[in-house]
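Note on naming: letters A, B, ... go to the chains in the order of the sequence lines (proteins, then strands), and numbering restarts at 1 for each one.
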Amino acid sequence: MSTITPEIVAEHGLNEEEYARILNALGREPNINELGIFSVMWSEHCSYKSSRRHLATLPTEAPWVICGPGENAGVIDIGDGQTAIFKMESHNHPSYIEPYQGAATGVGGILRDVFTMGARPVANLNALRFGSPDHPKTRHLLSGVVAGIGGYGNCVGIATVAGQTDFDPAYDGNILVNAMTVGTADADKVFYSAAAGMGNPVVYVGSKTGRDGIHGATMASAEFDDDSEEKRPTVQVGDPFTEKLLIEACLELMAGDSIVAIQDMGAAGLTSSSVEMASKGEVGIELNLDEVPQREENMTPYEMMLSESQERMLMVLEPGREEEAHAIFRKWDLDFAVIGKVTDTNHLTLLHGGEVVGDIPIGPLVDDAPNYDRPHDVKPAAIAAERPDVPAPTELGATLHQMMGSPNLSSRRWIWEQYDHQVMGDTVVLPGGDAGVVRVHGTDKALASVTDCTPRYCYADPVEGGKQAVAETYRNISAVGATPLAITNCLNFGNPEKPEIMGQFVGCIQGMGEACKALDYPVVSGNVSLYNETNGIAILPTPVIGGVGLMQDYKKLVRIALQNDGDSIYILGDTGGHLYQSIYAKVIQDIHVGPAPRVDLAQEKAHSAFVRGQIEDGTLTACHDVADGGTLVALAEMAMAGGKGITLDHEGDHGFWFGEDQGRYILVTSNGAALEAAASEANLSLTKLGRVGGDSLLGQSIDGLKQANEDWMPGYMAAV
Amino acid sequence: MKAKVHVTLKSGVLDPQGKAIQHTLSSLGFGGVNDVRQGKFIELDLEETNEDAARAALTDMCEKLLANTVIENYDIELIA
Amino acid sequence: MKAKVHVTLKSGVLDPQGKAIQHTLSSLGFGGVNDVRQGKFIELDLEETNEDAARAALTDMCEKLLANTVIENYDIELIA
Amino acid sequence: MKSAVIVFPGSNCDRDVAVALEKIAGNRPHMVWHGETDLPEVDLVVLPGGFSFGDYLRSGAMAGRSPIMKEVITRAHKGKPTLGICNGFQVLTETGLLPGALMRNAGLNFVCRDVTLKVEHANSAFTNAYTNGDEIRIPVAHHDGNYFADDDTLKALEDNAQVAFRYKDNPNGSQNDIAGIYNESRSVLGLMPHPERAIGAELGSTDGIKMFESLMASL
Ligand SMILES: Nc1ncnc2c1ncn2[C@@H]1O[C@H](COP(=O)(O)OP(=O)(O)O)[C@@H](O)[C@H]1O
Ligand SMILES: [Mg+2]
């Protein structure tokens with residue numbers, strides 16, 4: 001066996017101190033397999049070494065939380081013995097290298113995290129960030145990512161119901177592709193990953209293992225595979241057909257009682273899945289790598305342990321149940337192999353060709369993982385001492401028209417029409433609304449889900465931005481009439497070794513935590529993606545929040561589209577006219593400095609309760625939260641969706657119409673008196689803005705606004 | 001000048017389509033098919049008559065559009 | 001025995017992919033591309049070692065699965 | 001009306017159509033796995049939407065060669081009503097039960113949206129609750145819905161009144177705006193749009209209901 005040189009250690013991304021810890025954990029020098037395993041388990045991605053202590057501050061509990069962070073996905077109670085299971089994950093880097101496959105395998109990976117817990121996936125969401133539309137790579141990346149998300153999700157047959165897409169030059173060299181899946185399972189059919197039962201079989205199912213995505217594989221194969229052919233691509237290719245079979249096969253097996261534990265093979269495949277199962281169960285696992293189904297010849301233990309081939313799962317079965325399980329996987333034409341067993345050694349033991357090729361104590365591998373308290377400097381960044389006033393536009397209507405056709409406010413129809421958003425027949429609010437809503441199959445209940453984040457606020461003020469991201473999902477879920485229950489998240493940041501970036505991270509987490517706590521809206525799962533930097537230029541801090549809420553009766557939901565001529569239009573919440581960091585300031589006035597709007601969490605809670613109450617009572621005919629672009633943009637969106645005009649009878653300056661003050665909703669009703677009485681009883685600020693009617697808004701025809709709004713993206717994508 | 005371009009997956013890259021074809025062939029009773037790989041075959045009709053110039057243009061087309069060089073190889077054949 | 005199968009669209013059958021490629025090539029600045037047709041290229045590895053038997057089996061595979069003979073032609077090439 | 005829904009590996013609208021059949025026609029269809037060779041005695045066979053075999057090679061190609069298809073074809077030749085929706089339509093053309101082929105959408109992208117269809121010929125067990133010329137809203141969701149047939153076939157389809165539905169605003173480049181066709185005897189219908197997704201106002205449209213009502217009344 002080769003000795004481990006400092007170069008090999010460095011190529012595995014381990015620093016000297018970390019390597020010393022490995023020597024200490026093992027009490028000897030690792031072999032290359034063991035080094036590979038330590039390196040992936042102690043990578044930022046798997047060990048959360050920069051983020052762990054901060055994540056630990058997030059609130060994760062509520063009476064309805066069945067399983068918080070720590071498992072493959074979070075689980076919440078949705079009543080009647082049913083649960084919702086969800087998580088979000090990043091696939092940023094792979095999507096930049098190969099947008100189609102990167103995004104596709106991102107969707108595949110997050111689906112597995114959800115169905116590995118026993119859930120049938122019922123909705124996919126995503127949050128995408130691209131560089132400037134003018135950047136030469138943006139079109140190619142956007143078209144590949146969207147095709148990849150659709151290509152995978154459509155084929156597997158899970159509706160993609162909501163998402164978010166933004167452009168900003170900060171993502172020119174690091175796009176973000178975050179994918180979220182929501183599933184449902186019966187509460188007594190939730191599966192966990194803790195291995196148990198000495199001697200129980202460890203079973204591999206799904207696709208065969210190839211040399212996909214092995215990090216540092218160049219080096220390792222030079223060591224072990226002299227006649228290595230062409231340099232191997234590290235890009236994984238997704239196979240959604242196999243994923244669909246895997247979902248059906250796993251759910252069929254899960255209907256019985258033969259599974260002790262189950263875990264998808266995600267990042268660091270066989271390594272992280274087996275280590276996590278052993279660690280959670282406080283047992284050992286012995287794997288005989290000769291039994292691993294292999295797609296290529298002469299695979300080394302190193303390659304097998306580190307391969308990130310897709311569409312694979314690892315399970316521990318009850319003893320003697322192998323044949324029954326095998327029959328199911330045979331029916332679905334999937335590989336099935338007993339590759340090891342649970343042991344009482346508390347070690348991960350690897351056998352290959354009759355030899356022990358790795359033997360690592362699980363405790364140190366997991367518990368001794370680095371856990372850094374990186375220096376951080378939390379401070380609002382963009383509050384310039386001297387900042388200009390944000391001037392008024394020359395003409396309100398024309399400015400609205402210009403904003404509706406700008407890249408970040410334009411319609412995303414070009415994207416979501418490439419996603420099957422209706423498959424499974426339960427989607428009752430399609431993309432384009434405030435939240436995607438899918439019925440809980442066969443019931444009147446429905447789940448509302450959404451992804452949100454406003455990176456420009458997070459950059460200007462990490463704490464407020466962190467709060468805002470949580471609050472915006474809370475609002476979007478409330479706006480359809482659902483009760484927000486819990487969130488998942490995907491925290492995308494630059495290099496945590498820089499104090500200002502770490503400061504953004506810590507600040508955002510602080511804000512998120514405050515919001516989750518105040519709103520009774522805990523974190524049940526999530527993911528962290530750091531080092532999103534190219535040539536020292538970091539992305540904007542982008543803590544994407546995925547929120548999930550529940551409606552008892554989907555028939556009561558409201559949408560954003562204006563329904564009836566003559567209905568009265570109100571805004572709930574005060575408008576202070578906060579223009580700094582607004583779309584108006586950025587797009588129309590080219591002003592990028594100034595503080596982010598503040599989030600009043602007590603008010604968020606009160607407003608949400610009020611809105612949900614009014615929807616429940618049937619008072620509202622349409623509802624929409626006020627977000628990017630402010631009040632006038634929200635009104636235009638409602639008008640376009642309903643194909644109806646609005647007559648405004650409220651006077652306001654540009655701060656009123658374009659300001660991005662938080663916590664506000666547009667409420668539309670046929671019964672203004674009832675709404676006004678309810679608001680005054682609840683002591684909430686409600687302002688009448690006008691009424692539905694005609695075919696224009698501020699002199700702009702709704703058709704014209706719609707055209708500007710709909711045409712930007714198809715036009716952009718058609719150009720070369 | 002006519003050209004034929006073959007675009008194939010690099011070796012080691014998973015080919016879900018090939019795998020599925022192989023599987024269906026075997027269930028149709030075609031035994032003894034060890035492996036199937038599916039690629040693309042693109043025929044182009046170019047105005048260019050100079051062979052070198054045509055090859056250069058085609059290489060450029062492959063790099064820029066016809067092949068995804070992260071996972072695919074391409075091969076250009078010219079027919080006078 | 002290895003085999004290469006080309007599956008191409010019959011002439012007269014419209015080829016949306018070929019047309020799109022041609023269009024994109026032209027907007028990428030590749031002028032003088034008169035026509036583009038996209039087909040499939042399938043490589044098979046067979047256990048069969050007899051050429052005639054292999055060709056017969058492949059013809060059968062093409063007729064039964066690899067090509068849709070309503071719209072596609074196929075061409076079989078054997079490599080010893 | 002007794003019905004069977006064929007389930008291929010990768011089908012994903014099998015449950016959706018079963019829900020629609022049960023909701024409107026009143027009883028639950030038999031779900032028949034593609035690997036079976038026997039079909040139960042039923043009045044209607046449905047080939048559902050989805051991505052059978054991942055739509056690898058060609059959409060519907062591998063499903064068209066599944067063991068169960070032999071029996072489906074035999075029954076269809078005997079006049080047993082057979083409905084193919086989306087991927088099911090692709091399977092029907094791959095097996096030759098319907099003429100032509102479904103190619104990649106002209107815009108190359110997958111397209112999921114509500115489209116307006118004109119009911120062209122409503123004289124079949126699938127469509128007689130509609131009236132010729134009706135305009136209905138039904139969603140499409142496909143990547144390969146671009147209907148192609150040679151000139152003679154197209155002429156025959158038109159002459160024999162075999163075009164069931166036409167797009168008002170063609171989303172995929174189909175010849176003659178064809179969205180759905182019958183076989184000569186009108187016992188087989190294939191269409192790209194998804195009537196099973198248009199069976200409730202909450203889903204955005206109720207215009208698919210009449211297809212299931214037609215079937216229930218006729219069979
Ligand atoms: N930002 C976060 N907030 C809450 N939980 C998190 C966060 N990041 C990671 N987690 C949790 O840490 C665990 C490990 O995450 P990850 O490695 O992404 O899981 P997996 O390997 O199953 O995809 C999961 O339970 C995940 O929910
Ligand atoms: Mg997981």
> So which residue, D:R15, D:R113, D:H143, D:H142, ends up with the most heavy-atom pairs under 4.5 Å with chain A?
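Heavy-atom pair counts peak at D:R15.
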> On a heavy-atom basis, which atom in A:C155 and which in D:G54 lie closest, and how many Å separate them?
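So the two residues come closest at SG-CA, 3.9 Å.
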> Return yes when atom CZ of D:R28 has more than 12 non-hydrogen atoms of other residues, nucleotides or ligands closer than 6.0 Å, and no otherwise.
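Counting other residues, nucleotides and ligands, CZ of D:R28 stays at 12 neighbours or fewer.
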> Would you mind checking which part of A:D333 comes under 4.5 Å of any heavy atom in chain D, side chain (CB onward), backbone (N, CA, C, O), both or neither?
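Contact with chain D is absent: no heavy atom of A:D333 under 4.5 Å.
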> Top residue by heavy-atom pair count (under 4.5 Å) with chain D, among A:H421, A:H441, A:E243, A:K555?
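Option with the greatest count: A:H441.
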> Could you tell me which portion of D:N105 (side chain, backbone, both or neither) has an atom closer than 4.5 angstrom to a non-hydrogen atom of chain A?
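Interface part for D:N105: neither.
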> Mark yes when over 12 heavy atoms from residues, nucleotides or ligands other than D:K168 sit less than 6.0 Å from its NZ; otherwise mark no.
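12 or below, so no.
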> Roughly how far, to the nearest 0.5 Å, is CD of A:Q422 from NE2 of D:H194?
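One finds 8.5 Å between NE2 of D:H194 and CD of A:Q422.
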> If I measure from the heavy atoms of chain D, does A:Y554 come under 4.5 Å with its side chain, its backbone, both, or neither?
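The answer is the side chain of A:Y554.
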> Could you grab the distance from atom SG of D:C112 to atom CD of A:Q418, nearest 0.5 Å is fine?
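Reported value, rounded in 0.5 Å steps: 11.0 Å.
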> With rounding to the nearest 0.5 angstrom, report the NZ to OG distance, A:K244 to D:S52.
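Result: 12.0 Å between the selected atoms.
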> Hey, which of D:A20, D:G10, D:G35 has the most heavy atom pairs under 4.5 Å with chain A?
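Most pairs with chain A among the choices: D:G10.
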> Let's go through D:L203 and A:R439 carefully: what are the C-alpha distance in whole Å and the side-chain angles of both, what is the deciding distance for side chain to side chain contact (heavy atoms under 4.5 Å, CB included) to 0.1 Å, and is it a yes or a no?
CA-CA 10 Å; D:L203 300 175; A:R439 291 185 293 207; 3.6 Å; yes
> Within this structure, what is the SG-CG distance for the pair D:C13 and A:D420, rounded to the nearest 0.5 Å?
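Between atom SG of D:C13 and atom CG of A:D420 there are 6.5 Å.
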> With a 4.5 angstrom heavy-atom cut-off, is it the side chain or the backbone of D:Y56 that approaches chain A, or both, or neither?
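The answer is the side chain of D:Y56.
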> Nearest 0.5 angstrom please: D:N12 CG to A:N154 CG, how far?
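Those atoms lie 8.5 Å apart.
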> Given heavy-atom pairs under 4.5 angstrom as the criterion, report whether the side chain, backbone, both or neither of A:K331 touches chain D.
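Its backbone and side chain both get close to chain D.
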> Can you tell which part of A:V156 gets under 4.5 Å to a heavy atom of chain D, answering side chain, backbone, both or neither?
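Contact with chain D: backbone only.
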> Side chain from CB out, backbone as N, CA, C, O: work out which of these in A:R413 comes under 4.5 Å of a heavy atom of chain D, or both, or neither.
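Answer is neither: A:R413 stays 4.5 Å or more from chain D.
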> Between D:F51 and A:F241, is a ring-ring contact (aromatic ring centres under 6.0 Å, His included) present by the stated rule, with each step listed?
CA-CA 8 Å; D:F51 283 75; A:F241 171 53; over 10 Å; no
